[in-house]
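Taking it in order: structure first as structure tokens, then the write-up.
Both backbone and side-chain heavy atoms feed into the values below; hydrogens, waters and symmetry mates do not. Since we're looking at a predicted model, the values are computed, not measured.
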Amino acid sequence: MNNWKVRVAGALLLAATIWYLPWVFRNLNWQASWLAIPFALASVMTSVMTLVTVINHWHYSVPEKHPVPEGEELEVAVIIPTYGEPPAIVYKTAQSVLKQNYPIEKIRLVISDDAHSSRIRQVAARLQLEFPHAHVGYHRPPRQGDPRRHGQAKAGNLNSALEAINIYAPDIPFIETRDADDLVGDPDFLRQAVGQLMADSQVAFVQTVKEAQVGEEDPFGNLEPLFYRKAMLAKNAANAVFPCGSGLVWRHEALDEIGGFPTWSLVEDLQSGAEALRRGWRSVYLPIVGAVGQTAPEDVPNAIKQRGTWALDTMRLTFWGDKSGLNLRQHLHFSELGLFYLLSFSVLVFAVTPVFALAFKVYPVITTHAAYALHFWPYAAAIEFLLVALADGLPYEALWRARQTWLGMAPVYAWASILALIYGPHRKPAYRVTRKEHVYGWYWREIWPQILLFLALVGASVYHVLTNSLLYEVDLGSLFWAAFFALGLSRIVRNSWYGIGFKAALLQTLKHPA
């Protein structure tokens with residue numbers, strides 16, 4: 001794919017970085033080293049992250065389509081792991097699997113129920129009656145703690161279903177995993193994904209686009225267009241694609257070679273990809289919609305839970321995971337995932353800097369206005385140009401929403417990084433399933449750090465304007481960045497009362513202050 005904009009932006013960013021970083025270190029305010037040193041380290045981290053991103057996005061690749069010809073379809077086992085999801089949701093998901101454009105007799109559907117629910121068993125029986133030519137199985141994995149179980153949570157569920165397939169249908173060449181609430185998107189999903197596996201015997205898995213049914217303007221950033229529409233194309237070019245849990249088809253042989261679904265990680269997705277790639281398998285990212293979530297986290301606790309789990313799992317792999325066997329380009333792509341979350345520390349440093357500048361006139365660097373403008377603004381502009389280039393083809397609103405989500409979740413990502421270090425390689429935090437229903441309320445306690453930072457930015461700005469001459473003394477640069485970060489944080493602040501409105505949230509708190 002033609003990505004000349006990213007390459008031009010990358011060259012400009014490299015020049016701006018070489019111009020900016022030495023200047024920062026030459027002019028650090030050692031009288032306020034408590035601010036200057038974190039600011040300098042944050043600048044270095046930002047530069048490393050952005051330059052790694054440029055390298056990784058130097059090439060994009062869209063695979064040539066290889067749909068399975070009519071009459072040449074091979075069998076696929078589709079595993080739907082469940083654990084307490086509403087039966088109606090599971091039914092819709094399973095029905096969408098059986099209704100897609102693939103011979104129904106070639107699909108072996110396994111509903112693997114960790115809750116051992118009679119209602120989910122009834123769903124499987126109903127589907128078998130409605131689709132008499134299908135193979136619909138209901139599977140009950142051993143319960144948590146049972147010595148027969150290989151792994152806890154979702155990985156243990158999937159491994160149990162995989163073991164059953166290996167016993168009763170070992171010759172099935174392909175295994176699809178589909179979350180219990182993820183409908184099939186493109187009706188040709190299996191035909192296209194299986195076609196990639198049939199076209200190249202070295203491909204271990206095929207990942208597709210995941211979407212979800214979300215509220216207006218996707219307030220919680222669940223669609224992730226920058227990731228699925230751009231970043232994954234770069235990973236495809238480097239053979240560094242990783243599974244995302246659903247909308248995914250595995251080669252049975254590759255799954256067996258890596259020992260089934262990994263149990264070391266919290267969720268099996270990311271590590272399973274690394275395990276296959278470091279053994280020499282190939283990966284493919286196919287930009288068709290393979291999964292559409294019937295729900296997506298749209299209340300603050302659920303969103304924090306999901307994204308916090310992703311961050312914690314990524315950082316555990318970054319710090320402690322075995323990545324031997326990956327080539328340099330693959331290492332860079334997996335490193336970028338960890339750097340993305342580590343950059344949250346830099347974001348928090350940059351966000352608090354305007355507060356100290358506006359309220360106390362304490363700056364991380366000592367310089368003149370002219371020198372600041374000459375060195376800093378080209379660097380800031382180069383980063384902005386890179387972000388716009390990376391989002392090329394997407395509306396700017398998608399880029400801004402992604403940045404708001406990132407900034408709002410920065411404390412969550414930072415804490416997840418710390419937890420990954422604290423737990424170490426041999427202890428794994430407990431895993432909780434993401435809720436499939438929304439619980440609306442005013443969740444200000446869950447985001448008190450973001451609210452305090454938002455109020456500090458606004459308060460410092462107002463104080464600065466009221467106590468300094470607008471013509472001669474006002475610090476326009478710091479005011480700009482205070483406004484930028486306040487606007488960025490405003491999304492998660494508003495999301496804290498999403499679904500009920502601010503007036504109802506305030507009334508709720510007044511009635512029940514505890």
- Judged by atom type as modelled, is there a donor-acceptor pair below 3.5 Å linking the side chain of Q294 to the main-chain atoms of V90? no
For F319, does the CZ atom have more than 12 heavy-atom neighbours from other residues, nucleotides or ligands under 6.0 Å away? yes
Scanning both residues in full, the closest heavy-atom pair of L457 with A351 reads CD2-O, 3.2 Å
d(T46 OG1, M49 CE) to nearest 0.5 Å is 9.5 Å
The residue among D269, D182, D179, T208 that forms side-chain hydrogen bond (donor to acceptor under 3.5 Å, both in side chains) with S246 is D182
| query | Is there a side-chain contact between W264 and Q271, using heavy atoms and a 4.5 Å cut-off? | reply | yes
Check your understanding: Do the non-hydrogen side-chain atoms of P429 and R316 ever get within less than 4.5 Å of each other?
Key -> yes
Report task. Without swapping roles, check the side chain of N27 against the backbone of V365 for a donor-acceptor pair under 3.5 Å. Result -> no
Sorted by chain and number, sequence neighbours left out, side-chain hydrogen bond (donor to acceptor under 3.5 Å, both in side chains) with H139 holds for S160
Sorted by chain and number, sequence neighbours left out, ring pair (Phe, Tyr, Trp, His ring centres under 6.0 Å) with W34 holds for F356
| Note, V292 side chain near Q213 side chain (heavy atom, < 4.5 Å) | yes
Short side-chain to backbone donor-acceptor contact, K428 and S265, under 3.5 Å = yes
Across all chains, not counting sequence neighbours, the side-chain hydrogen bond (donor to acceptor under 3.5 Å, both in side chains) partners of S272 are none
Inset, instruction - Before giving the answer on side chain to side chain contact (heavy atoms under 4.5 Å, CB included), spell out for Q404 and I492 the whole-Å C-alpha distance, their side-chain angles and the decisive distance to 0.1 Å. - result: CA-CA 8 Å; Q404 285 186 306; I492 195 167; over 6 Å; no
All heavy atoms of P219 vs all of R491, minimum pair found to be O-CD, 3.3 Å
Please check: side-chain N/O of D181 versus main-chain N/O of I89, any donor-acceptor pairing under 3.5 Å?
no
Sorted by chain and number, sequence neighbours left out, side chain to side chain contact (heavy atoms under 4.5 Å, CB included) with S47 holds for T17, L21, Y379
Could you check whether K92 pairs with E85 (Lys NZ or Arg NE/NH1/NH2 to Asp/Glu carboxylate O, under 4.0 Å)?
no
Check your understanding: Which class fits the ring pair W23 and H375: parallel under 30°, tilted 30 to 60°, perpendicular over 60°?
Key -> parallel
Could you go through residues 414-426 and list every donor-acceptor pair under 3.5 Å that involves a side-chain atom there, pairing it with any protein atom two or more places apart or in another chain?
| from | atom 1 | to | atom 2 | distance (Å) |
| --- | --- | --- | --- | --- |
| S417 | OG | Y413 | O | 3.0 |

Does F350 form a side chain to side chain contact (heavy atoms under 4.5 Å, CB included) with F485? I'd like the steps, not just the answer. CA-CA 9 Å; F350 293 144; F485 285 113; 3.7 Å; yes
* To do: Taking N495 for its side chain and Y498 for its backbone only, find out whether a donor-acceptor pair lies under 3.5 Å.
  => no
- Message: If you count heavy atoms of other groups shown closer than 6.0 angstrom to CZ of R432, is the number above 12?
- Response: no
Practice task
Give a yes or no on whether a salt bridge exists between K305 and E446, defined as a side-chain N under 4.0 angstrom from a carboxylate O.
Solution key: no
* **Heavy-atom side-chain proximity of N29 to P364 below 4.5 angstrom** => no
Worksheet item: Do N157 side-chain atoms and P141 backbone N/O form a donor-acceptor pair below 3.5 Å?
Response: no
Closest heavy-atom pair, E268 versus G245, reported as atoms and distance to 0.1 Å, is OE2-CA, 4.4 Å
Y463 and A359 have their tightest heavy-atom pair at CE2-O, 3.5 Å
For K230 and L394, the nearest pair of non-hydrogen atoms, with its separation, is CG-CD1, 4.1 Å
Rounded to the nearest 0.5 angstrom, the CD-CZ distance for Q144 and R149 is 4.0 Å
Short side-chain to backbone donor-acceptor contact, E473 and N468, under 3.5 Å: no
Heavy-atom side-chain contact between R307 and T405 under 4.5 Å:
yes
Interatomic distance, CG@L489 vs CG@L452, rounded to 0.5 Å, equals 11.0 Å
- Query: Any side-chain heavy atom of V241 within less than 4.5 Å of one from F205?
  - Reply: yes
Using a 6.0 Å cut-off, check whether atom CH2 of W448 has over 12 heavy atoms from anything other than its own residue. no
I want to check something: taking the side chain as every heavy atom from C-beta on, are L390 and L226 in contact at a cut-off of under 4.5 Å? no
By side chain to side chain contact (heavy atoms under 4.5 Å, CB included), T318 pairs with (sequence neighbours left out) T314, M315
Taken in chain and number order and not counting sequence neighbours, the residues that satisfy ring pair (Phe, Tyr, Trp, His ring centres under 6.0 Å) with H57 are Y60
Problem set entry | Contact check, side chains of L158 and I79, non-hydrogen atoms, under 4.5 Å | yes
All heavy atoms of Y363 vs all of S478, minimum pair found to be CE2-OG, 3.9 Å
Using the rule given for side chain to side chain contact (heavy atoms under 4.5 Å, CB included), can you reason through K323 versus L277, listing the C-alpha separation, both sets of side-chain angles and the distance that settles it, and then say yes or no?
CA-CA 9 Å; K323 297 179 283 295; L277 293 175; over 6 Å; no
Sorted by chain and number, sequence neighbours left out, side chain to side chain contact (heavy atoms under 4.5 Å, CB included) with A124 holds for I111, V136, Y138
Residues 381-410 vs ring pair (Phe, Tyr, Trp, His ring centres under 6.0 Å), sequence neighbours excluded, gives F340-W406, W400-F484
Distance col, row T50:OG1 vs I55:CD1, nearest 0.5 angstrom, shows 10.0 Å
- [ ] Would you check if the side chain of E298 reaches a backbone N or O of G215 as a donor-acceptor pair within less than 3.5 Å?
- [x] yes
Between R401 (side chain) and E217 (backbone), is there a donor-acceptor pair under 3.5 Å? yes
Original post:
Under the 3.5 angstrom rule, does the side chain of S346 hit a backbone N or O of A42 as a donor-acceptor pair?
Top reply: yes
- Task: Test L223 against Y228 for side chain to side chain contact (heavy atoms under 4.5 Å, CB included), laying out the working first.
- Result: CA-CA 8 Å; L223 294 181; Y228 283 110; over 6 Å; no
_F189 six-ring centre to R178 NZ/CZ under 6.0 Å and within 45° of normal_ = yes
With sequence neighbours left out, the residues meeting side-chain hydrogen bond (donor to acceptor under 3.5 Å, both in side chains) with Y341 are none
Rounded to the nearest 0.5 angstrom, the CG-CD1 distance for L28 and I37 is 8.0 Å
Residues passing the ring pair (Phe, Tyr, Trp, His ring centres under 6.0 Å) test with F242, sequence neighbours excluded, are F227
Separation between NZ (K154) and CZ (F261), nearest 0.5 Å, reads 8.5 Å
Contacts of R121 meeting side-chain hydrogen bond (donor to acceptor under 3.5 Å, both in side chains) (sequence neighbours excluded), chain-then-number -> none
